[in-house]
Amino acid sequence: MTSRDDIEHLIARIALRDQSAFSALYDATSKKLFGICLHVLDHRGEAEEVLQEVYIRIWHKADSYAVTGHSPMTWLITISRNLAIDKLRSRRAAMTTLDAEAVTIADARPGPEASAISRSEHSAMSACLEELDTNRADAVRRAYLDGDTYKDLAHRYDVPLNTIRTWLRRSLMTLRDCLTR
Amino acid sequence: MTGPDDTYGDKALAAEYVLRLLDQDAHRAFEARLLEEPELRALVLDWEQQLATLAEDIAEETPPAHLRGAVLKTVATDPAAASRRGWFTGLWARVLGGGLLAAVAITLAVVVVDRREEQGPSYRADLISADQSISLMVRSGETADALQVEVAAGSPPDGRVFELWLIAENAAGPVSLGVLNASALTSIQVPEALLAGLATGTLAISDEPPGGSPTGSPTGTVLAAGQVQKI
């Protein structure tokens, strides 16, 4: 297991264009980041494309890592998740006429309930999500991990679009209060 | 959907931005604000950090072996990467184009002054950012190896410090010369072992956590760099 400090050090060396540090970072983190890409996209080919983009982004942005103040894994996860969501959105934009089908595909995945089993108990986020109504906690997870839009969520929970926004924003604020207390 | 829903203000808006729930117009408008508003950036970073924990328990998946080669090849063909020389070029590239949100391109000016003839070799380097917000002067003091560093303008980001690095021509990487006092003069004694490298080296500053880089290498953004002039 590569420690947080090890990964941070690798990123610092990558900022100085150290290729051996880059391959070491790939070896230490690609399984985790590929898992995230695959989870969001649920499509191996697309996940592979995105994983490449992720590492190219890391190579070029390593110098700005420290400015974020993030832990190294937070930084890597955020890049991966965001690029995967971008890919997901561009796929969806390309198949807007097949909207209903897209929703069906999304439904076929194991839901947040299934992945909840292995959720780490010490994560403050998990603990605070537990305090929310189940549907609301799932909506937050679906937005972050599955790239659900307000439209997807409104459809899924069968509520009007404006209502879902108010509903989710309120949940996010409850979450924030819990996380900061 | 685009209109601001003021009930929860920017805190909720930042979360929606991080979750990618805003529509295209609202997303762009938010990004424009991010460039100008540090408190908004802090909210975004906070949500990114909290939400990333949701991904902690996603199962690892081994990517196909060919992908590793493809990724490494992309980087190997990066002209900035090829060699030590390239490593040096990479530094310049970062000084010119790096930084959070590509906010400010920083360049530097090296000012050459008249040779001082009455004493032994002495060194100087000037680091000035393009927008004049950061400016540092490095000068030999009583002796060539006693550097006086003055931050003439600019300060590190909140909660960060400036750290000075020597990048000698043949060195494997930057060597720390110490953390700088951002509001006054800092005296730095260059170790004898590094003195030979100083003459033809480059000085750079990065922003680091208080006390300096925990790793011995720069972990923050390289904000400015300047070649050492022998005078």
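Basis for what follows: all heavy atoms, side chains included, without hydrogens, waters or symmetry-related copies. By convention in this document, chain letters (A, B, ...) are assigned in the order of the sequence lines, proteins followed by strands, and residues within each chain are numbered from 1.
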Listed by residue number, which members of residues 45-55 of chain A have a heavy atom under 4.5 Å from any heavy atom of chain B?
A/Glu48, A/Leu51, A/Gln52, A/Tyr55
Which residues, numbered in order, of residues 174-181 of chain A come under 4.5 angstrom of chain B by heavy-atom distance?
A/Arg176, A/Leu179
Side chains of [X] and [Y]: closer than 4.5 Å at any heavy-atom pair?
X	Y	value
A/Thr68	B/Gln49	no
B/Leu54	A/Leu129	yes
B/Trp47	A/Leu172	yes
B/Glu56	A/Ser126	no
A/Asp86	B/Arg20	yes
A/Tyr26	B/Leu67	yes
A/Arg17	B/Val75	no

Winner by heavy-atom pair count (cut-off under 4.5 Å) against chain A, out of [options]:
options	result
B/Leu72, B/Val18, B/Val44, B/Thr62	B/Thr62
B/Pro218, B/Gly216, B/Ala42, B/Pro214	B/Pro218
B/Ala59, B/Pro63, B/Ala15, B/Ala12	B/Pro63

Chain B contact via [X] - which portion, at a heavy-atom distance below 4.5 Å:
X	value
A/Ile85	side chain
A/Ser30	both
A/Tyr144	both
A/Leu168	side chain
A/Arg170	both

Rounded at 0.5 Å granularity, tell me how far [atom1] in [X] sits from [atom2] in [Y].
X	Y	atom1	atom2	value
B/Thr219	A/Ile11	OG1	CD1	10.0 Å
A/Glu8	B/Ser213	CD	OG	8.5 Å
B/Trp165	A/Leu16	CH2	CG	9.0 Å

Of all heavy-atom pairs between [X] and [Y], which one has the smallest distance, and what is that distance?
X	Y	result
B/Val71	A/Phe22	CG1-CE2, 3.6 Å
B/Leu45	A/His70	O-CE1, 3.0 Å
B/Leu51	A/Val140	CD2-CG1, 4.2 Å
A/Lys32	B/Asp57	NZ-N, 4.0 Å
A/Gly35	B/Ile58	O-CG2, 3.6 Å
B/Thr215	A/His9	CB-ND1, 3.4 Å

Within the distance-only criterion (no hydrogens, no angle test), does the side chain of A/Arg81 pair as donor or acceptor with the backbone N or O of B/Leu19 below 3.5 angstrom?
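Present.
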Ignoring hydrogens and geometry, is there a side-chain-to-backbone donor-acceptor pair from B/Thr53 to A/Met125 under 3.5 Å?
no
Side chain / backbone / both / neither for B/Ala55 at chain A, heavy atoms under 4.5 Å:
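It is both, since atoms from each part get that close.
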Tell me, with the steps shown, if B/Glu16 and A/Tyr150 meet side chain to side chain contact (heavy atoms under 4.5 Å, CB included).
CA-CA 10 Å; B/Glu16 290 176 293; A/Tyr150 276 133; 2.4 Å; yes
Winner by heavy-atom pair count (cut-off under 4.5 Å) against chain B, out of A/Leu153, A/Asp5, A/Asn82:
A/Asn82
For the candidates A/Asp27, A/Leu33, A/Ile56, which exhibits the highest count of non-hydrogen atom pairs separated by less than 4.5 Å from chain B?
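That would be A/Asp27.
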Under the disulfide (SG to SG under 2.5 Å) definition, can you give me all pairs with a residue in residues 8-46 of chain B, not counting sequence neighbours?
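The answer is none; no pair qualifies.
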B/Glu39 CD: over 12 foreign heavy atoms closer than 6.0 Å
yes
Given the rule in the salt bridge (Lys or Arg N to Asp or Glu O under 4.0 Å) test, do B/Glu61 and A/Lys31 qualify, once you have shown the distances and angles that lead to the verdict?
CA-CA 5 Å; B/Glu61 285 278 341; A/Lys31 287 180 188 168; over 6 Å; no
Show the atom names and distances, to 0.1 Å, of all donor-acceptor pairs under 3.5 Å that link a side chain in residues 153-162 of chain B to residues at least two apart or in another chain.
| from | atom 1 | to | atom 2 | distance (Å) |
| --- | --- | --- | --- | --- |
| B/Arg160 | NE | B/Asp207 | OD2 | 2.8 |
| B/Arg160 | NH2 | B/Asp207 | O | 3.0 |
| B/Arg160 | NH2 | B/Asp207 | OD2 | 3.2 |

